[in-house]
Number of protein chains: 2
Amino acid sequence: MTTTPYHHGNLRTALVEAAVETVRERGPEGLALREVARRVGVSHNAAYRHFADRDALVDAVAERAMVELVGAVHRRLDTVDEADPVARARRRLVAIGAGYVEFALAEPGLFRLLFTAYPDAPDAEGAGEDPYGMLNVALDELVDVGYLSPKDRPGAEVTCWSVVHGFAVLNVEGPLRGLEPSDRAAALTSLLLSVDRGLGASGTWPELAPRGAPK
Amino acid sequence: MTTTPYHHGNLRTALVEAAVETVRERGPEGLALREVARRVGVSHNAAYRHFADRDALVDAVAERAMVELVGAVHRRLDTVDEADPVARARRRLVAIGAGYVEFALAEPGLFRLLFTAYPDAPDAEGAGEDPYGMLNVALDELVDVGYLSPKDRPGAEVTCWSVVHGFAVLNVEGPLRGLEPSDRAAALTSLLLSVDRGLGASGTWPELAPRGAPK
DNA sequence: GGGGCGATGTTGACAGTGGTAACACCAGAG
DNA sequence: CTCTGGTGTTACCACTGTCAACATCGCCCC
């Protein structure tokens, strides 16, 4: 819908594109509906014919951002060229993490928007078309291939997502944002290796688990 | 400074306390300087005698939040009662992570403020008086005790911080925010165990880092 | 073709925000 | 006592999101 030019001609997509550009430049909090409208050369309030409110525009931008994130991860995934199944599966997992972080650092504004204004539903759409699904697929591969113990599979996706997301957040808007690129890259490599190692090392340490929360 | 009551009597601290309360209720983005002033029963602009701008107030709130975060982590750390040095060091690391996440979930507003508006300098003040310092101390203990290989020590603090911070963010404001508390607790346990395991499992997998070499 | 009608875009207004400037008060120093 | 500097107030500005009323344009149907 809204494919044929009316007064303006695809105002909606023009607004979204301008909004994406604004978020790129000024971050999510710098996104002003009025300024976007101004940028497109249309009066404010014109936007209200296409978006219920500011949040709706933000959601539209988030959709674009998600597409780009998936693209970045896929691009990394495609570089994995490995014969040995175990090494391949492990490399693929690392590639997902690297792509995720790569996107966060390349598009800090879009990345932040993606996770501050995300709708209620998680990424759980298909399985493989969003980073979460891709991650789950990769982890299942690791189990199939015998690298990851099936009993360690549950929860592994949360752990992997957490570590990569945390690294991204700390480096994009957190206390690590001032890191030298080389230091950052080294830390990321160390982190990804550590995760890989943690998944491969089977075994439990039951004495650590219990001991409930205080107060 | 500002200890003796003048017109109002410690307006500054009153403003900070009202701001903290506001952030608790409405989050960082709901913090309006004017509303805080109103809340204290003072005209807006009175605040400008004590804070250069809104950001200065936010920084003051962040200071309080940091104190509370440190308190939460310390409280957890104090529950560790373990004779065996290795087990004790490992438990202490887990306690830090648990306390960090506990605070994030208990005070989502303050936690988010702490990491969206944090000043340029990292937590690098003393060593032990902020979560980052405490984490480094705990990791050094793990090395001393022989659990963590010295060659794996560099970068470990970033990995640990990332995984815990990422988990907190995903659960506080991210796609995992809708998780059942029991599921969340299980995921956290799994995550902490996984990190512990990853640190303990020594050895490198060189074929992952560069590129090439069989297994 | 012409009338109408709904989708689109515009102007105007309102409340709320952060921020600046000019003024009012009040305590203590001299 | 006056004067001075810290403190708080009123008035104003630019900006934002949002609503309501009005204008315009394209398309459908008679």
Side-chain angles (χ1 to χ4, degrees), chain A residues 1-63 109 112-113 116-119, chain B residues 1-63 109 112-113 116-119:
Chain A
M1 19 238 91
T2 324
T3 62
T4 52
Y6 265 78
H7 301 52
H8 169 276
N10 280 39
L11 215 204
R12 185 190 160 95
T13 65
L15 286 171
V16 173
E17 268 157 28
V20 167
E21 201 50 40
T22 302
V23 171
R24 275 203 174 100
E25 295 168 3
R26 300 211 236 300
E29 58 280 333
L31 179 64
L33 214 143
R34 289 172 101 108
E35 193 210 332
V36 170
R38 216 177 298 137
R39 198 160 174 159
V40 173
V42 90
S43 184
H44 73 273
N45 253 350
Y48 281 89
R49 300 293 165 183
H50 302 273
F51 302 98
D53 52 8
R54 184 183 179 278
D55 276 351
L57 208 189
V58 170
D59 286 352
V61 174
E63 225 169 285
R112 282 169 51 210
L113 182 138
T116 57
Y118 212 66
Chain B
M1 35 232 73
T2 325
T3 62
T4 52
Y6 265 78
H7 300 52
H8 170 277
N10 280 38
L11 215 202
R12 186 192 159 93
T13 64
L15 286 170
V16 173
E17 268 157 28
V20 167
E21 202 50 39
T22 302
V23 171
R24 276 203 174 99
E25 294 167 4
R26 303 212 233 301
E29 58 280 334
L31 179 64
L33 213 144
R34 291 172 100 105
E35 193 210 332
V36 170
R38 215 178 299 136
R39 198 159 174 161
V40 174
V42 91
S43 181
H44 74 274
N45 249 355
Y48 282 90
R49 299 291 167 185
H50 301 273
F51 303 97
D53 53 6
R54 183 183 180 277
D55 277 351
L57 204 164
V58 170
D59 286 353
V61 175
E63 225 169 287
R112 282 169 51 211
L113 181 137
T116 57
Y118 212 67

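Lettering follows sequence order; numbering is per chain, from 1. These figures come from a predicted structure and were not determined experimentally.
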Greater than 12 external heavy atoms within 6.0 Å of A:Glu21's CD: yes

Rounded interatomic separation in angstrom, taking CZ from B:Arg26 and C1' from C:dG16: 13 Å

Distance (rounded to the nearest 0.5 Å) between A:Arg112 CZ and B:Thr116 OG1: 8.5 Å

Exercise: identify the closest heavy-atom pair between A:Leu15 and A:Phe51: CD1-CE1, 3.9 Å

For atom CG of B:Leu33 and atom P of C:dT20, their distance in whole Å: 11 Å

Which atom of B:Val36 lies closest to which atom of B:Ala18, heavy atoms considered: CG1-CB, 3.9 Å

Gap between atoms CG and C1', on B:Leu31 and C:dG18 respectively (whole Å): 12 Å

B:Leu15 CG to D:dT7 C1', straight-line distance once rounded to whole Å: 12 Å

Residue pair A:Leu57 / A:Ala19: nearest heavy atoms and the distance that separates them: CD2-CB, 3.4 Å

Distance in angstrom units between A:Glu35 CD and D:dG17 P, rounded: 9 Å

B:His50 vs D:dG6: side-chain N/O to OP1/OP2 distance below 4.0 Å: no

Gap between atom CD of B:Glu35 and atom OG1 of B:Thr22 - 0.5 Å precision: 5.0 Å

Nearest to side-chain heavy atoms of A:Arg49, which nucleotide of D:dA21, C:dC23, D:dG17: D:dA21

Length of the line joining B:Phe51:CZ and C:dG18:P, which is rounded to integer Å: 13 Å

Between P of D:dA21 and OH of A:Tyr48, the distance in whole Å: 17 Å

Close approaches to DNA chain D from residues 36-44 of chain B, in residue order (heavy atom, under 4.0 Å): B:Val42, B:Ser43, B:His44

Nearest-0.5 Å distance that lies between atom CG in A:Leu31 and atom CZ in A:Arg24: 13.0 Å

Euclidean distance, atom CZ of residue A:Arg54 to atom P of C:dG16 [Å, nearest integer]: 19 Å

Per A:Ala32 side chain, nearest of listed nucleotides C:dC23, C:dG19, D:dG17: D:dG17

Base of D:dG17 paired with side chain of A:Arg34 (donor-acceptor, under 3.5 Å): yes

